[in-house]
Amino acid sequence: MTTLSDWLAAQPVDPKLASVVATMATASAEIADVLRLAPISGQTGLAGQTNVQGEAQKALDVISNDIVLNHIRRNPDISILVSEELDEAVHIENQGRFLVATDPLDGSSNLDVNVTVGTIFSVLDATKGLLQPGSAQLAAGYAAYGPATSLVLTFGTSTAVFTLDADGTFQLTLDNMSVAPASAEYAINTARERLWDAATRGYVAENVAGETGPAGKRHNMRWVGSMVADIHRILMRGGIFLYPLDSETTSKGGRLRLLYEANPMALVVEAAGGRSTTGRERILDLVPTGIHQRVPVILGSAEEVARVEAWYAKIPAN
Ligand code: AHM
Ligand code: MG
């Protein structure tokens, strides 16, 4: 087996960049340990605080954020941390060349029911500022805390999957992942149908119509409600994930955050041959206007993403 350390050492990247990825892997392994035992240790429930987005923080959101911050502080190559759980970027007093943007515990509303959650991260050149497009990411990935703890990594050209073993070491389990270009599985919160725009309605209606409808095949719907779990399924067997702009999220720009949710997931999926869009623009081309900016997110199998884009092309932007 190839360990994460061996794999990182063999990558044609700056060893300091590899060390940033290793830091996030170590933090993820520690978060996995805390999550596994949280119902016993009592580290569950709400933290009694809200984050900058006005969302109630879970105790485990705060604990996961602290774990990431602790590990990042120990790596002299990281000088800035942007986190979903922190209002402002944290500037660490060192000369580190790298910035990490993270959602330390994505999908935390799923914790109480023991469903897969994850840590998402993006690595940028800290000398180029906080607001860089996703195409400038140097590395990105996520840990999925499910029946196994998976770590998915990309440096932008290919996507690899590691699995945490009993000794706390990540072992390479799949390399050069490829998102199936065609699929018949879609993921969207259908409870929001009354809020959807015409493009989303049109695309989903075609899927629901099945093999005799315009899509010409029967589709199936899966929605975990943890972006990490929904995207991991797409990486493994194809499909499309949609959190589009709807009438309730338009004023905020969308539901999911650009820097530490949409961009890293878009890089992982695109490096594996999939596509990502807001419906009208490639996610990785967006120039952020704020560190907690929200965006519409549509990504996955290339042919399904193209079908959604075709719907948006038919409908004028407001
Ligand atoms: P979070 O970062 O506060 O956990 O929110 C993001 C999550 C995503 O993981 C998931 O795709 C989405 O919110 C689920 O939204 P919904 O509540 O509409 O199902
Ligand atoms: Mg999140």
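We count ligands from 1, going down the list as the structure has it; atoms in each ligand are counted the same way. Being a predicted model, the structure only gives us computed values, none of them experimental.
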Holding to side chain to side chain donor-acceptor pair (under 3.5 Å), I want the full list of residues that pass it with T200, two or more places apart in sequence or in another chain. D197, Y312

Give the contacting part of F241 toward ligand 1: side chain, backbone, both or neither, where contact means a heavy-atom distance below 4.0 Å. side chain

Answer yes or no: does an N/O atom from S226 fall short of 3.5 Å to an N/O atom of ligand 1? no

So the atoms of ligand 1 within less than 4.0 Å of a heavy atom of E84 turn out to be 1 (P), 2 (O), 3 (O)

Does the N or O separation between M227 and ligand 1 drop below 3.5 Å for any pair? yes

Who pairs with Q171 by side chain to side chain donor-acceptor pair (under 3.5 Å), at least two apart in sequence or on another chain? D165

One finds that the ligand 1 atoms under 4.0 Å from a non-hydrogen atom of E261 are 2 (O), 6 (C)

Using the ring centroid of each side chain, check whether W223 and Y186 are separated by less than 6.0 Å. no

Which of the numbered atoms in ligand 1 are below 4.0 angstrom from a heavy atom of D103? 2 (O)

For ligand 1, which atoms, with element, lie under 4.0 Å from some heavy atom of G107? 4 (O), 9 (O)

NZ of K128: more than 12 outside heavy atoms within 6.0 angstrom? no

Out of L111, I67, N65, which residue meets the side-chain contact (heavy atoms from CB on, under 4.5 Å) rule with L105? L111

Using a heavy-atom cut-off of under 4.0 Å, does the side chain or the backbone of D230 touch ligand 1, or both, or neither? neither

